[in-house]
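Excluded from the calculations below are hydrogen atoms, water molecules and symmetry mates; all remaining heavy atoms, backbone and side chain alike, are included. Keep in mind that this is a model prediction, so the values were computed, not measured. Throughout, protein chains are lettered first and strands after them, A, B, ... in sequence-line order, and every chain is numbered starting at 1.
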There are 2 protein chains.
Amino acid sequence: MALSRKLAAADDAPAPYFTATLAKGLDVLEALAEVEDVNLTDLSRRLGVSGPTLFRILATLGQCGYVQKAAKTSRYRLTLKAWEVGARAVRRLTMRDVARPWVEALAKESREAVHLGVLQGSGVVIIDKVDTPHPVKVDTYVGQRAPAHCAAIGKAILAYESAATLDAFFDHALPRFTPTTISGRRQLERELALTRDRGYALNHEEWRQGVCAVAVPIRCHSGEVAASLSLTMPTERFAKEAIAQFVAALLRAAQAISRDLGGERRESGASRP
Amino acid sequence: MALSRKLAAADDAPAPYFTATLAKGLDVLEALAEVEDVNLTDLSRRLGVSGPTLFRILATLGQCGYVQKAAKTSRYRLTLKAWEVGARAVRRLTMRDVARPWVEALAKESREAVHLGVLQGSGVVIIDKVDTPHPVKVDTYVGQRAPAHCAAIGKAILAYESAATLDAFFDHALPRFTPTTISGRRQLERELALTRDRGYALNHEEWRQGVCAVAVPIRCHSGEVAASLSLTMPTERFAKEAIAQFVAALLRAAQAISRDLGGERRESGASRP
DNA sequence: CCTATTCTTTTCAATATATGAAAAGTACTT
DNA sequence: AAGTACTTTTCATATATTGAAAAGAATAGG
C-alpha cells in the first residue's frame, strides 16, 4: 500500500520520468503519518526498504525539518512541517473563508456536524468542519480524505463533473467498504444521475458502518461545482422525516456561499448569516 | 533560501547521511507553497536546478499526488496532499481539541484574534485561531510559522524551555525584522527572564510593523510548557491600559486548558466555558 | 552485574540512478 | 505565418544510492 507507484504498477511499463528516491522519501513521510511513533527497523520492514537506506532517508527528512526523533534516541515521528507547507495551498482556497460563517450557521441550525469538502483525485478532502453538540459524534477531522464514491460529500461533487473528469475518476478502483457501498461504474453513474435529479446526495452507511450523510454542491460564480457541503451523523439520528429539513438548510447555506463567492475576494463585506 | 541544506551549509563538512534528490524534491514542494502557480522554467531558475531534473522531480511529485498541473499544460501547483499528510500529525495534538472551547471563549470575551501555538524548531506554528470581529484584522492563518524570538506567542514558550533546548535554539540566527526586533542572544535572554517574572510575553512590533501581541504559556499536566495562547492586534488597539485585562483573560483561559489537559484524552467531559 | 539479543549506525564496493547539454517537439506571440 | 519561449525527450557521464556485512549502542534477561 505504501509502495511507491513505480513498483506498484502492475504493468511493468518503464514508468517514465520517475525519481525513485524522492518517491521513497514521500512514502516514508506517509508511513509516519499513520503510526504516531516508529523505530527504524519496524518502518524498514513495513516499507520494504533496507535499514541503511531508510536511515539515510530519515536523516534527510530530519535535516529538512519534516521528521524528528522522539526522546533522546530511538523512535521517529512527523513534525508539523508538511502541514505548514500544505497550509499555504489551503490558504489559497477562497472557498474556505467565504463559507466559514455559513458553515457555522448551518451547524447551529441543524445541530449536526457540517463538513466542507473539495475533490482531490479519487477522494474528497475535508477543508473545514464544525462539530455537532450531541455527545455521540462521528469521528472526522479537518484534513481527512474520504473516498468520493461512497461519501455524500463526494457524490455531490462527482454528480456535476464533466465526462472527461469522470473518465479519469473511474480509472481508480471503487473499493467496497460496507455492504451498501456502490462499487460498480454503472451503478455509480446511475446514483450520480439520481443525485443530480434530486439536487442532493445521500450516503447510507456506504463508507462506514453507522454513519449517514446528506450533501449538496456549492457552485462558484462561473457555475461550476467547486466544493460541497454536508451534514454527517450517526444512523440513529438520520431519520427519514428529518432529511427534507436538512436538505433545505443545506441548500440555503450553499446558495449563500455561492452568492458570496461572486466577488472572489477574501475580505468580502457580504451579509453575514 | 530554498537551497537544500547541504549546499547551504557554510562549512563544507561532508554533511553525512543525506539524500540529495529527496531534499531537492522537498525544496520544490516548499517553493511551490510560496507561489500559487509556476511554470517549469521559472521554478528551475528560482531553485537553480536544471530543467530536465526539475521535470523529473515534478513528474514524481505529480505521480505521488503532491503536485498537479493547472489547466491543460504549463503551470504547476500544489495539491492538498502535503496538508493531508501533515493533518495526521496535528490530529495527535490533544492540546488543540482541549483548548478549542477556551480559545473560542477568549475570542468572544476579548474581541481580538486568539492564537494557539506550539514550538517547532526556531519558530512557533499556529495550530488554532479565532479571528476578531473588528474590521481591521492582522493577517495570520492556521498553519502559519512565526519566528519564536520576536513573537509574543513564541517568547511565552521560550521563556520556560530548558537550558539545553535554548542552547539548540540559539544555534539558529535571530533575524531582525523591525527596529524593535530583539536579535542578540544576551538581550533575548534578558527579555525571557522578564517574561518569566511577569508571567506573560509582549511583542511591540518586533516582527511586523503595526502588529502587537500578548501571550501566556500553557502547561500540560506534568507542568511543562507545551503551547502558548496569544491575543494579536493592530498597534492602534493595543492600549497600555487594556493590557492588564488581556493578560487576566489569557491567564484564565490558559489555566482552564491546563486543567482540562489533566485527563489527556480526547473526548474530555470537562466543564465548558 | 554481566551476557545475550535486538536495534542503530558505519563502512564499502557494485550498480543503478540522477544529471545537464543539446536537440526535438510544442505552444504561445507578434 | 514566422519567430520566440517553453516543455519534453534523448543520451553519455559522473555520481549518488544501494544493501550486505560488520561495528557499535542500547535494552532486556538471567
Could you tell me which residues satisfy side chain to side chain donor-acceptor pair (under 3.5 Å) with T165(A), sequence neighbours excluded, listed by chain and number?
S162(A)
Under the rule for side chain to side chain donor-acceptor pair (under 3.5 Å), what residues qualify as partners of T195(A), not counting sequence neighbours?
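Partners of T195(A) by the side chain to side chain donor-acceptor pair (under 3.5 Å) criterion come out as none, since no residue qualifies.
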For [N], take OP1 and OP2 only and decide whether either is under 4.0 Å from a side-chain N or O of [X].
X: S50(A); N: dT18(D); result: no
X: Y17(A); N: dT8(D); result: no
X: R56(A); N: dT17(D); result: yes
X: T21(A); N: dA16(D); result: no
X: T53(B); N: dA18(C); result: no

Atom pair distance, as rounded to whole Å: [atom1] in [X] and [atom2] in [N]:
X: L54(B); N: dT8(D); atom1: CG; atom2: P; value: 11 Å
X: I57(B); N: dT7(D); atom1: CD1; atom2: P; value: 15 Å
X: L58(B); N: dT9(D); atom1: CG; atom2: C1'; value: 16 Å
X: F55(B); N: dT19(C); atom1: CZ; atom2: P; value: 14 Å
X: L43(B); N: dA5(D); atom1: CG; atom2: P; value: 20 Å
X: L22(B); N: dA18(C); atom1: CG; atom2: C1'; value: 14 Å
X: K24(A); N: dT17(C); atom1: NZ; atom2: P; value: 8 Å
X: F18(B); N: dT10(C); atom1: CZ; atom2: P; value: 16 Å

Can you identify which nucleotide, out of [options], has its nearest atom closest to the [X] side chain?
X: L40(B); options: dC7(C), dT8(D), dA20(D); result: dT8(D)
X: T41(B); options: dT17(D), dC6(D), dT10(D); result: dC6(D)
X: N39(B); options: dT7(D), dT17(D), dT10(D); result: dT7(D)

Name of the residue among I126(A), V216(A), L229(A) meeting side-chain contact (heavy atoms from CB on, under 4.5 Å) with I153(A)
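Exactly one candidate clears the test, I126(A).
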Check this for me: does any side-chain nitrogen of one of R77(A) and D37(A) sit under 4.0 Å from a carboxylate oxygen of the other?
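Result for this pair is yes, salt bridge flagged.
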Salt bridge check: are D27(B) and R46(B) linked by an N-O gap of less than 4.0 Å?
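Not counted as a salt bridge, because no side-chain N and carboxylate O are separated by less than 4.0 Å.
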Contact nearer the 5' end of DNA chain C, comparing V38(A) with G51(B):
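Comparing both residues, the 5'-ward one is V38(A).
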Could you say whether V49(B) or P52(A) is positioned toward the 5' end of DNA chain C, judged by the nucleotide with the nearest heavy atom to each?
P52(A)
Hydrogens and angles aside, do S183(A) and H149(A) bring a side-chain donor and acceptor to less than 3.5 Å of each other?
no
State whether a side-chain donor-acceptor pair under 3.5 Å links S44(B) with T41(B).
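Result is no, nothing qualifies.
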Has R219(B) got its NZ or CZ under 6.0 Å from the middle of the six-membered ring of Y160(B), at an angle within 45 degrees of the ring axis?
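Flagged: R219(B) positioned over aromatic ring of Y160(B).
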Using five pairs at each end of the helix from dC1(C)-dG30(D) to dT30(C)-dA1(D) to define an axis, what is the angle between those two axes, to 10°?
50°
